[in-house]
Novice: 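Mind having a look at this structure? Questions to follow.
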Amino acid sequence: MRPPTNQEIIKLLSEMVVFYEMDDVPFKPQAYERVVQAIETLDREVADIYNEQGVDGLRKIPGVGEGIAYHLELLIKKGTFLEYEKYKKKIPVRISELLAVEGLGAKTIKTLYQKLKIKNLADLEKAATAGKIQKLPHFGAKSEEKILKGIEFLKKSKGRFTLGHLLPIINLIENRLRKIPGVQHVTTAGSVRRMQDTVGDIDILVTAKNSAKVMEVFVKMPEVEHVYGRGLTKTNVRLNLPAGGGIDADVRVVPEAVYGAALQYFTGSKEHNIEVRKLAIKKGYKLSEYGLFRGKKLIAAKTEEDVYKKLGLIWIPPEIRTASGEIEAALRQAQGISPGLPNLIPYGSIRGDLQIQTNWTDGANSLEEMVKAAMAVGLEYIAITDHTRSLAMTGGLDEKGLARQAKEIDRINKKLQATCLPDRQASYPMGRWPTGQIGKLQVLKSAEVNVLKDGKLDIADEALKKLDLVSMAIHSHFHLSEKEQTERIIRAIKHPLVNIFFHPTGRVIGRRPAYALDMAKILRAAKEYGVAMEINSFPDRLDLKDTHIRQAVEIGVKLVIDSDAHSVQHFAFYNLGIGQARRGWATKKDVLNTLPCGEFLKAIKSLKK
DNA sequence: GCCGTTTTCGGCCCGACTGTTTTCAGTCG
């Protein structure tokens with residue numbers, strides 16, 4: 001039997017949360033919830049941990065004690081456990097299916113099952129359409145309508161959206177709210193401020209004197225499809241997105257005097273906030289979105305810095321507020337003990353882009369157009385990385401093709417440096433580039449060399465030697481076993497000419513999961529054989545993931561952050577990649593392409609002892 | 001069911017809004 005994946009374990013444990021809640025069992029739901037959260041942020045398979053370290057390994061997962069470790073062991077060995085089977089028999093309801101409907105929770109699911117025998121989404125829709133739900137005690141016409149709306153939403157919604165695709169609409173909404181008289185701050189908090197790769201909803205925090213006016217403007221926006229709830233401090237709507245689909249958005253309006261406390265609260269993550277509030281309680285305080293209090297006395301609220309400081313912490317960057325060691329680090333730093341918080345890589349600090357495709361293969365623009373666009377966003381060097389021979393669908397280049405392209409690059413290097421000066425003041429969707437020295441964009445010869453099934457590269461060494469930089473990538477045989485895939489990748493990493501591993505997990509958010517691989521092993525090999533790992537900034541790649549970046553940083557593997565631009569519009573995404581790097585605790589020193597061109601080349605070559 | 005610079009027993013985050021109520025439970029973040 002195949003051992004359960006983390007996703008399957010999470011689904012089962014989440015159902016246990018609801019079963020216990022339906023059964024009015026106290027405290028167990030929270031205990032299970034905590035384990036679900038821990039496994040969600042785990043960068044390894046629980047089954048692998050068990051196979052290597054047994055029950056002791058399971059108990060090292062935060063929140064897993066004797067009882068849950070025992071359940072997990074059975075789950076891994078038998079695919080289920082007694083307690084779960086017991087409840088499934090007692091309450092034969094498709095929990096996760098019903099839970100996905102907006103507004104339904106454990107208690108409602110219980111009532112619907114007991115009174116109307118509703119076991120799944122189809123039963124629910126039938127009962128709601130027939131008007132049976134509104135006749136139940138404590139339900140009414142509105143509850144029923146809400147359920148039908150929820151089902152409809154579920155049918156056409158794809159769930160989470162990538163941050164990169166949402167930013168334009170978020171900027172639009174923020175700007176509308178900023179124009180309202182009396183409005184002071186407008187900040188999108190939540191997962192957007194934490195720069196998470198995907199976003200489930202949009203949380204906008206506003207400070208204003210007249211909240212009624214803010215809510216009025218907000219609910220009347222053309223994108224608003226439905227208003228879930230509207231109050232003077234909180235309004236909740238559903239937006240229609242221009243690209244199709246819909247997403248929920250909240251606005252909270254608070255007085256300017258409590259902006260910091262509210263921002264801290266609404267930025268999350270939920271887990272981070274729970275830890276911070278526990279710390280507050282320990283110190284005799286109470287923390288809410290209205291401030292830090294001792295009894296009824298307000299201690300801090302104006303800025304986030306104040307709130308953290310009064311708790312004995314230093315300010316923690318939003319990207320790492322995940323309850324995974326940042327609070328302890330902030331505590332240490334406030335006391336002058338190291339290691340404190342990492343000095344995260346600043347936005348706007350990328351000087352060179354090492355993955356760019358042109359119309360020599362699957363890019364939309366010519367080499368020259370891409371070079372000009374790169375200069376316009378203020379880059380100092382770029383590597384041209386068209387695909388190689390075996391990627392037939394893109395018309396991948398062979399050794400001769402690469403040689404021809406090299407000549408073209410030589411020509412452009414000569415021509416453009418004299419004639420095209422970058423406009424470093426230009427403002428771009430993702431932010432403003434720093435002013436600096438002008439001129440001199442260096443175009444490097446490179447390639448996105450395809451790794452064959454056996455781990456060999458598809459270009460001869462003689463041709464690779466002529467490139468400034470060699471990058472490898474996986475584009476086929478995604479379904480090898482974890483062991484085979486890992487060995488294949490490590491064989492390629494061992495190649496003496498390889499410098500960078502592009503989009504290492506191969507995931508495409510919302511379309512394709514990562515292929516099976518043992519990232520810890522791959523990172524150790526990358527360290528040993530001097531290969532840098534890419535953080536691909538493309539909105540639906542963002543690969544490496546945050547947890548892998550943190551592993552890489554801990555091991556001392558060097559990183560690069562690229563756009564993977566396939567057209568001139570794609571130079572707008574660096575800050576997504578930097579946000580991802582920050583989520584992985586990366587500093588400027590960890591990311592090689594924050595260096596000027598000459599130093600970068602020296603640094604990346606020196607990895608290969 | 002978990003966990004420990006108040007604790008190996010006794011705690012477990014906080015508040016807004018809704019719908020159906022006549023004082024509040026459920027859901028959400």
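Nothing here was measured: the structure is a model prediction, and the numbers come from that model. As a basis for the values below, the full set of heavy atoms in this structure was taken, side chains included, without hydrogen atoms, waters or symmetry mates. A note on names: the letters A, B, ... follow the listed sequences, proteins ahead of strands, and every chain is numbered from 1.
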Novice: Roughly how many Å is it from CD in A/Glu21 to P in B/dT27, rounded to a whole number?
Specialist: 8 Å
Novice: For A/Asp24 and B/dA25, give me the distance from atom CG to atom C1', rounded to whole Å.
Specialist: 12 Å
Novice: Taking only Lys NZ, Arg NE, NH1 and NH2, and the carboxylate oxygens of Asp or Glu, determine whether A/Asp123 and A/Arg94 approach each other closer than 4.0 Å.
Specialist: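 No, this pair does not count.
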Novice: May I have the distance from A/Asp248 (atom CG) to B/dT27 (atom P), rounded to whole angstrom?
Specialist: 17 Å
Novice: In whole Å, measure the gap between the P atoms of B/dT27 and B/dT21 for me.
Specialist: 16 Å
Novice: My understanding is that a pair needs two contacts under 3.5 Å, Watson-Crick or G-U wobble. By that rule, which nucleotide pairs with B/dC3?
Specialist: B/dG10
Novice: Where do N or O atoms of nucleotides 18-21 of chain B meet protein N or O atoms at under 3.5 Å, pair by pair?
Specialist:
{"residue": "B/dT18", "atom": "OP1", "partner": "A/Arg230", "partner atom": "N", "Å": "2.6"}
{"residue": "B/dT18", "atom": "OP1", "partner": "A/Arg230", "partner atom": "O", "Å": "3.4"}
{"residue": "B/dG19", "atom": "O3'", "partner": "A/Ser143", "partner atom": "OG", "Å": "3.2"}
{"residue": "B/dT20", "atom": "OP1", "partner": "A/Gly140", "partner atom": "N", "Å": "2.1"}
{"residue": "B/dT20", "atom": "OP1", "partner": "A/Gly140", "partner atom": "O", "Å": "3.2"}
{"residue": "B/dT20", "atom": "OP1", "partner": "A/Ser143", "partner atom": "OG", "Å": "2.7"}

Novice: Given the rule in the ring pair (Phe, Tyr, Trp, His ring centres under 6.0 Å) test, do A/Phe538 and A/Phe573 qualify, once you have shown the distances and angles that lead to the verdict?
Specialist: CA-CA 6 Å; A/Phe538 217 79; A/Phe573 300 131; 5.7 Å; yes
Novice: Determine the interatomic distance between C1' on B/dC14 and the same-named atom on B/dT20; round to the nearest Å.
Specialist: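 Going atom to atom, C1' in each nucleotide, I get 24 Å.
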Novice: So A/Tyr228 and A/His226, would you call those rings parallel, tilted or perpendicular, with 30° and 60° as cut-offs?
Specialist: perpendicular
Novice: Roughly how many Å apart are B/dG1 and B/dT7, using the P atom of each and rounding to a whole number?
Specialist: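 Comparing P positions in B/dT7 and B/dG1 gives a spacing of 25 Å.
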Novice: Just checking A/Lys270: base, sugar-phosphate only, or nothing, at a heavy-atom cut-off of under 4.0 Å?
Specialist: base
Novice: Just by protein heavy atoms under 4.0 Å, how would nucleotides 1-10 of chain B read 5' to 3' in B, S and -?
Specialist: BSS-------
Novice: Assert yes or no for the condition that the ring centre distance of A/Tyr20 to A/Tyr87 is strictly below 6.0 Å.
Specialist: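 Centroid distance A/Tyr20-A/Tyr87: below 6.0 Å, so yes.
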Novice: Donor-acceptor pair, A/Asn273 side chain versus A/Tyr265 backbone, under 3.5 Å?
Specialist: yes
Novice: Give every residue pair that meets the ring-ring contact (aromatic ring centres under 6.0 Å, His included) criterion with at least one member in residues 176-224 of chain A, sequence neighbours excluded.
Specialist: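 Sorted result for residues 176-224 of chain A: A/His185-A/Tyr259.
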Novice: When you compare B/dC2 with B/dT8, how far apart are their C1' atoms, in angstrom units rounded to a whole number?
Specialist: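 Comparing C1' positions in B/dC2 and B/dT8 gives a spacing of 12 Å.
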Novice: One thing to verify: whether A/Arg34 and A/Glu271 come together as a salt bridge, which I'm taking to mean a side-chain N less than 4.0 angstrom from a carboxylate O.
Specialist: no
